[in-house]
Amino acid sequence: MTSDRPFFITTPIYYVNDLPHLGHAYTTVACDVLARFMRLDGRRVRFLTGTDEHGQKVEQSARAVGVSPQELTDRNSTGFREMARLLDISNDDFIRTTEPRHIRGVQALWQELERRGEIYLGNFAGWYSVRDEAFYDENELVDGKAPSGADVEWLEEENYFFRLSAWQDRLLAYYEANPDAIAPRGRRNEVMSFVRGGLRDLSISRTSFSWGIPVPGNPKHVIYVWLDALVNYITALGYPDRESYDFSTFWPADLHMVGKDILRFHAVYWPAFLMAAGLEPPRCVFAHGWWTVEGQKMSKSLNNFIPPKQLVDTYGLDPVRYFLLRELPFGSDGDFSHRAVVGRLNGDLANDFGNLAQRVLVMINRNCEARVPEAGALDAPDTALLEAARGLPKTVRTHISERAFHLALESIWRLVGEANRYVDEQAPWVLSRSEPERMRAVLYTLAEVLRHLAILVEPFMPGSARKLLDQLAVPEASRDFAALAHAPLVAGTQLPKPEGIFPRFVEEPAD
RNA sequence: GGGCCCGUAGUUCAGCUGGUUAGAACACGCCGCUCAUAACGGUGUAGUCGCAGGUUCGAAUCCUGCCGGGCCUACCA
């Protein structure tokens, strides 16, 4: 089942014009869970995140605040780095598009595309709205104005173009040959119908601002931010050195996780750029959904972007990580509400799982001299429960491979439920008086189930899992998925004093 | 305008290659337990499956129309 095949996963690089919020946290945590899962499953993982730092907006924002673009960028990039630390993200690398390694790679890719005749110099003309900062097509205009109602003017600009139009058929062939290249299904259909509708050549340079990577040989132009940004996925692997260990090991990427807003860039432009440069396209681009907050869209006017720090301060890190992945089918939109988070935290984490661990550990502590009890002879209910635990990794692995985080967690929680039922049925507190040997078999069974649960939950809630594994005295080296089958708890091992893992969230009384 | 998706218990959703009394979780009622984070377990109430037609021996599940909601429909993130 397991394999040591390399696994390369990326978050989008986050635009430094924004401050980190719930949406960034979501994408990043989802990637982190997959990265951790694959590592625990024995795979060689490279997990990349970073920041996108060029473009007109950054240049303007910097000017507005009276700092240089580089200063602004340094400051805001740090914010995303801190978010990763705050969320206990296990990224192996953090790339910034202002780093020399990236700039060098982007220019090399440009030259490669140029050498292959994929780039030409032409004129870009269209109706430009200064207010919207956007060009519009003739047929998009309404009464000679932008769809937004803004005034437009005819602008012509010398631009380099990428021959995207030439790639329509090859893109479609790529989607056909790789049904999983774009997920979920609905998104794939959207992308394909978009491409079938015909592709225009893409303007890939700008002369109206300067905060960007200069076009090799024509520094009046800077490279279009998306061509700049997307390439981070390979410059982080050492491109243009295609023989490097990193590049040859980890490319093509197994998964680019993106928000649905930037799917097109990843599912159309990016594969086209890569193929045009003679490189392999990614194995999968997955577009996840959006969160609303208390039923409302996150927006600048409502100013309801929740900073990750606030979430963690309020609920604790692991409950937030759990909630984000448990609450809705990955790929769908969902609502982030205080009520829902508290429901998950108190119901799933504190009552079901946390309390299960607590009741079992306390009984062992009191009735077994705080040592892992001797299993002795096991009865049918014991082996049934243990079988359920032993079968669980396979189920979870299947769900994770389909990125169905919610189903993975749901299947883990089914075992939590079975274990709680088993406790009630076996009533070890009764056995402690009448049949101590039987009690030990029951408590050993439960401890083993806890060990399975703790290890399976590690990718989702690394801190809490660690606490539980510490309380079970599971050695550091026996905390991966291989250890599930090969390193059962050893009778007689001394256990520390039990401590709650998931405290209940108690509402502050309103005043 | 064109394309795609959704509308099922109070709530969030599953079921939808048509076929026994439409399921789960949460919430709510009752019962049990007392090891445990006033936690756990059992059990019950609850739905004209958006509306109207049609196909079929039989439709939540297929077809048509309507109503309601969402997404996509190319460049400065």
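Quick note on labels: first sequence line is chain A, next is B, and so on, each numbered from 1.
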Whether over 12 other heavy atoms sit under 6.0 Å from [X] [atom1]:
| X | atom1 | result |
| --- | --- | --- |
| A:R163 | CZ | yes |
| A:E294 | CD | yes |
| A:E499 | CD | no |

Taking only the [atom1] atom of each, what is the distance from [N] to [M] in whole angstrom?
| N | M | atom1 | answer |
| --- | --- | --- | --- |
| B:rU55 | B:rG18 | C1' | 11 Å |
| B:rC33 | B:rA38 | C1' | 14 Å |
| B:rC6 | B:rC16 | C1' | 13 Å |
| B:rG15 | B:rG50 | P | 15 Å |
| B:rG3 | B:rC49 | P | 29 Å |
| B:rG47 | B:rC4 | P | 36 Å |
| B:rU21 | B:rA59 | P | 12 Å |
| B:rA14 | B:rG53 | P | 28 Å |

Salt bridge present between [X] and [Y] (N-O < 4.0 angstrom):
| X | Y | result |
| --- | --- | --- |
| A:D335 | A:K297 | no |
| A:R96 | A:D52 | no |
| A:R326 | A:E410 | yes |

Nearest to the [X] side chain among [options], which nucleotide is it?
| X | options | result |
| --- | --- | --- |
| A:K260 | B:rC71, B:rC75, B:rC40 | B:rC71 |
| A:E190 | B:rA74, B:rC71, B:rC35 | B:rC71 |
| A:K297 | B:rC40, B:rC35, B:rC71 | B:rC71 |
| A:I501 | B:rC75, B:rU37, B:rU73 | B:rU37 |
| A:R200 | B:rA77, B:rC76, B:rA74 | B:rA74 |
| A:Y269 | B:rA74, B:rA36, B:rC76 | B:rA74 |

Mind checking if [X] touches a base, just sugar-phosphate, or nothing, with heavy atoms under 4.0 Å?
| X | value |
| --- | --- |
| A:F265 | nothing |
| A:S203 | base |
| A:L199 | base |
| A:Y14 | nothing |
| A:L356 | nothing |
| A:N367 | nothing |
| A:G354 | base |
| A:N189 | nothing |
| A:D52 | nothing |
| A:G212 | nothing |

Determine: side-chain N/O of [X] to OP1/OP2 of [N], distance under 4.0 Å, yes or no.
| X | N | result |
| --- | --- | --- |
| A:R421 | B:rG42 | yes |
| A:Q358 | B:rU37 | yes |
| A:R359 | B:rU37 | no |
| A:R366 | B:rA36 | yes |

If I take atom [atom1] in residue [X] and atom [atom2] in nucleotide [N], what distance separates them, rounded to the nearest angstrom?
| X | N | atom1 | atom2 | result |
| --- | --- | --- | --- | --- |
| A:L443 | B:rC35 | CG | C1' | 9 Å |
| A:H406 | B:rA25 | NE2 | C1' | 12 Å |
| A:W226 | B:rA77 | CH2 | P | 10 Å |
| A:L263 | B:rC75 | CG | P | 15 Å |
| A:R433 | B:rC35 | CZ | P | 7 Å |
| A:F161 | B:rC76 | CZ | P | 14 Å |
| A:M192 | B:rG3 | CE | P | 18 Å |
| A:Y422 | B:rG41 | OH | P | 16 Å |

5' precedence on RNA chain B between A:G500 and A:W429 (nearest-nucleotide basis): A:W429

Nearest-nucleotide 5' precedence on RNA chain B, A:V423 against A:V58: A:V423

is_close_aromatic(A:Y233, A:H266), centroid dist under 6.0 Å: yes

When both hydrogen-bonding distances must be under 3.5 Å and the geometry is Watson-Crick or G-U wobble, what is [N] paired with, if anything?
| N | answer |
| --- | --- |
| B:rG7 | B:rC67 |
| B:rA74 | none |
| B:rU56 | none |
| B:rA39 | none |
| B:rG44 | B:rC28 |
| B:rA14 | none |
| B:rA22 | none |

Distance (rounded to the nearest 0.5 Å) between A:M192 CE and A:R187 CZ: 16.0 Å

Validation row: A:F94, A:L48 side chains within 4.5 angstrom (heavy atoms): no

Heavy-atom donor-acceptor pair, A:N355 side-chain to B:rA36 base, under 3.5 Å: yes

